[in-house]
Amino acid sequence: MSDQALIYTSLTACLALLGLMYISSRGRSIHFFVASFFALFSLGPVVNYITGASIFAGIRPQYIGRATFGFAVAIAALALSQVLSRARRRRGAVEVRPAAEAAVTKYPLVYLALGVLIVYGLIGVAALAPVFTTGSKIQSLQVSGSSHYVYLLAELAAVSAFFMLRRDRLGYQLWIANACVYVAYCLITFERDFLFVFFSVFLHYQLFSRKHSKPGRLVLAGLASAAVATVLFAQRGDSEVSVAGLLNQGSVLFVDTFVMSLVPVQLAFASGTTYVSALASVAPSWLYDSKHVGLSEWLVGIYAPGSPSGYGFSLTGEAYLNFGYYGIFGAFLVLGLVLGGLSRRFARSDWASYASVYYATIFMYAIRGDSEQVLKSMLYGGLFFVVVTSLRNTDVGEGAGRPPAAEAGLRRLSRLTDGHSLTH
């Protein structure tokens, strides 16, 4: 099969699989929406390539067909994990706690964590304001320092705690205040991290906290997130906002074609060594230095030695680097099964609700990353939860179970999309 035929065949298979995932679940599957994000980041540049639009210069055109086939394998694995998760759900349905449950658990340390994040974010916004109009993302990172990414990861965890706080008046108010500061910080530093976690919160609310979810709202929210990401990317790179820019959001195709040009032609398959190294590097470097060179640094060292900026990596690229197409299928099947297992337990406890939102966020965020990013993020997110929930008290007072402002706010957001539902 020619490379051009492989591109069209694989692209058609991806679209067919996404369509089947949507139809079989009636648009009520978390797997479908995560797979759609993956499709945007991976297939967008492929569409630009076949339509003649501009793509990143580092993409190896002769390997686009093979990379697109790898994307189809990944989506097929997610589709299978959706089927397996639904089969298990029939044997044990999700037990969603009523919104008006009488007892409200309060977490004082969450209040403290949110307060610290609010103060840090405000200081960061004030310090970065002069750089925003005249600088670039690299200059912003120089001003914010090494704590920048620590703050962003902490915010992913803090925002994921929404369902723990939605019926706690003080907790909800602090969550809203922190969310506003977080968005302002991301906008001023040209970061798009907030889009993943807020979409994950809305996704879980629509799929698991409402009796009758409307998939059109989620589709519209996903498209809006992609549009905002395109605008932020254009501002960061001083380029025009366009459909081609929307489709060029991800660097996955660049990473995968680059890896496929090396493996197994010049380099042998890694046979799982990158996953072992990722496990060994989970601990902070000040506690244990594994001397591990991350895949993103490895990529920069080969492709553009001495470059001040990175290109990230990709979960499909790492899987192929280790075991070829079998690795891609196995990695995404495992990731999809974990996604289904956590979402199936959503609302059974505060931990289950937090973990499901947080994992879905990390999954979407790490599509342009690697296993080390997934493992570290999950470990630190778990530690965050353990620490902030170590002190708690339960309020069973009068009015504790009244529907909170958080519920009303999300309902208003849902109603705003009613007239624009893509399924009506």
Side-chain angles (χ1 to χ4, degrees), residues 28-35 37 78 81-82 84-86 88-89 92-97 99 101 104-107 109-110 113-114 117 152-168 171-172 175 178-179 182 193-194 196-210 278-279 282 315 331-367 369 371-392 406 410:
R28 295 177 175 86
S29 165
I30 192 170
H31 291 82
F32 166 75
F33 289 98
V34 172
F37 263 87
L78 288 176
S81 68
Q82 173 180 295
L84 295 175
S85 296
R86 288 186 62 196
R88 292 188 64 185
R89 182 171 296 175
V94 176
E95 297 174 3
V96 179
R97 292 178 298 173
E101 189 179 43
V104 176
T105 302
K106 298 184 177 182
Y107 301 100
L109 291 182
V110 176
L114 291 174
L117 290 174
L152 292 181
L153 181 59
E155 283 290 8
L156 293 184
V159 176
S160 296
F162 171 80
F163 291 97
M164 296 164 51
L165 304 171
R166 60 178 176 169
R167 291 181 297 110
D168 175 2
Y172 173 66
W175 188 92
N178 175 65
Y182 172 45
D193 301 38
F194 70 96
F196 295 99
V197 66
F198 285 120
F199 179 77
S200 183
V201 169
F202 189 57
L203 177 64
H204 281 77
Y205 174 75
Q206 282 291 317
L207 292 181
F208 306 118
S209 291
R210 290 177 59 86
L279 285 170
V282 164
L315 291 174
F332 275 74
L333 180 61
V334 170
L335 289 167
L337 289 175
V338 173
L339 180 70
L342 290 175
S343 65
R344 190 169 58 251
R345 292 169 175 79
F346 179 82
R348 291 185 180 180
S349 67
D350 284 341
W351 160 248
S353 298
Y354 166 82
S356 185
V357 174
Y358 184 73
Y359 178 78
T361 301
I362 296 302
F363 191 171
M364 292 185 288
Y365 185 77
I367 286 171
S371 61
E372 180 183 353
Q373 183 177 15
V374 174
L375 290 172
K376 282 189 173 182
S377 298
M378 291 306 296
L379 174 63
Y380 297 154
L383 289 175
F384 173 87
F385 180 88
V386 170
V387 171
V388 299
T389 60
S390 60
L391 182 63
R392 68 182 72 185
L410 282 173

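- The distance from atom CG of Leu203 to atom CZ of Phe208, rounded to the nearest 0.5 Å, is 7.0 Å.
- A distance of 10.0 Å separates CZ of Phe202 from CZ of Phe33, quoted to the nearest 0.5 Å.
- The ring pair (Phe, Tyr, Trp, His ring centres under 6.0 Å) search around Tyr182 returns none, not counting sequence neighbours.
- Side-chain N or O atoms of Ser356 include none that pairs as donor or acceptor with a backbone N or O of Ala352 at under 3.5 Å.
- A distance of 14.0 Å separates CZ of Arg167 from OH of Tyr172, quoted to the nearest 0.5 Å.
- Every residue two or more places apart in sequence or in another chain that forms a ring pair (Phe, Tyr, Trp, His ring centres under 6.0 Å) with Tyr358 is listed here: Tyr354.
- To the nearest 0.5 Å, the span separating CG on Leu339 from OG on Ser85 amounts to 7.0 Å.
- Judged by distance alone, with hydrogens and angles left aside, the side-chain atoms of Arg392 form a donor-acceptor pair with the main-chain N or O of Thr389 at under 3.5 Å.
- The two residues Arg345 and Gly341 make their nearest non-hydrogen contact at NH1-O, 2.8 Å.
- Across Val388 and Leu109, no two heavy atoms sit closer than the pair O-CB, 3.4 Å.
- Ring orientation note: the planes of Phe346 and Phe163 are nearly perpendicular, at an angle over 60° on the 30°/60° scale.
- For the pair Phe363/Leu315, a side-chain contact is recorded, criterion being any heavy-atom separation below 4.5 Å from C-beta on.
- Atom-to-atom distance recorded for Leu156:CG and Phe198:CZ is 10.0 Å, nearest 0.5 angstrom.
- Minimum interatomic distance between Leu78 and Ser81 (heavy atoms only, all atoms of both residues): O-OG, 2.7 Å.
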**OP:** List the steps, then state whether side chain to side chain contact (heavy atoms under 4.5 Å, CB included) holds for Leu114 with Leu165.
**Re:** CA-CA 11 Å; Leu114 291 174; Leu165 304 171; 4.0 Å; yes
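- With sequence neighbours excluded, the residues forming a side-chain hydrogen bond (donor to acceptor under 3.5 Å, both in side chains) with Ser371 are Glu318, listed by chain and number.
- In this structure, Ser390 contributes its side chain and Val387 its backbone to a donor-acceptor pair below 3.5 Å.
- When all heavy atoms are compared, the tightest approach of Ser29 to Gln82 is OG-OE1, 2.6 Å.
- When all heavy atoms are compared, the tightest approach of Ala158 to Asn178 is CB-ND2, 4.2 Å.
- In this structure, the side chains of Phe162 and Tyr205 stay at 4.5 Å or more apart for every pair of heavy atoms.
- Here the side chain of Ser343 pairs a donor or acceptor atom with the backbone of Gly340 at under 3.5 angstrom.
- In terms of heavy-atom proximity, Ile362 sits nearest to Val374 at CG2-CA, 4.1 Å.
- Considering only residues two or more places apart in sequence or on other chains, Tyr365 meets the ring pair (Phe, Tyr, Trp, His ring centres under 6.0 Å) condition with Phe196.
- Here the NE2 atom belonging to His31 is positioned 11.0 Å from the CZ atom belonging to Arg86, to the nearest 0.5 angstrom.
- For Thr361, the side-chain hydrogen bond (donor to acceptor under 3.5 Å, both in side chains) partners are Ser200, not counting sequence neighbours.
- Distance alone, capped at 3.5 Å, places no donor-acceptor pair between the His204 side chain and the Ser353 backbone.
- Residues satisfying the salt bridge (Lys or Arg N to Asp or Glu O under 4.0 Å) criterion with Glu155, sequence neighbours excluded, are absent altogether.
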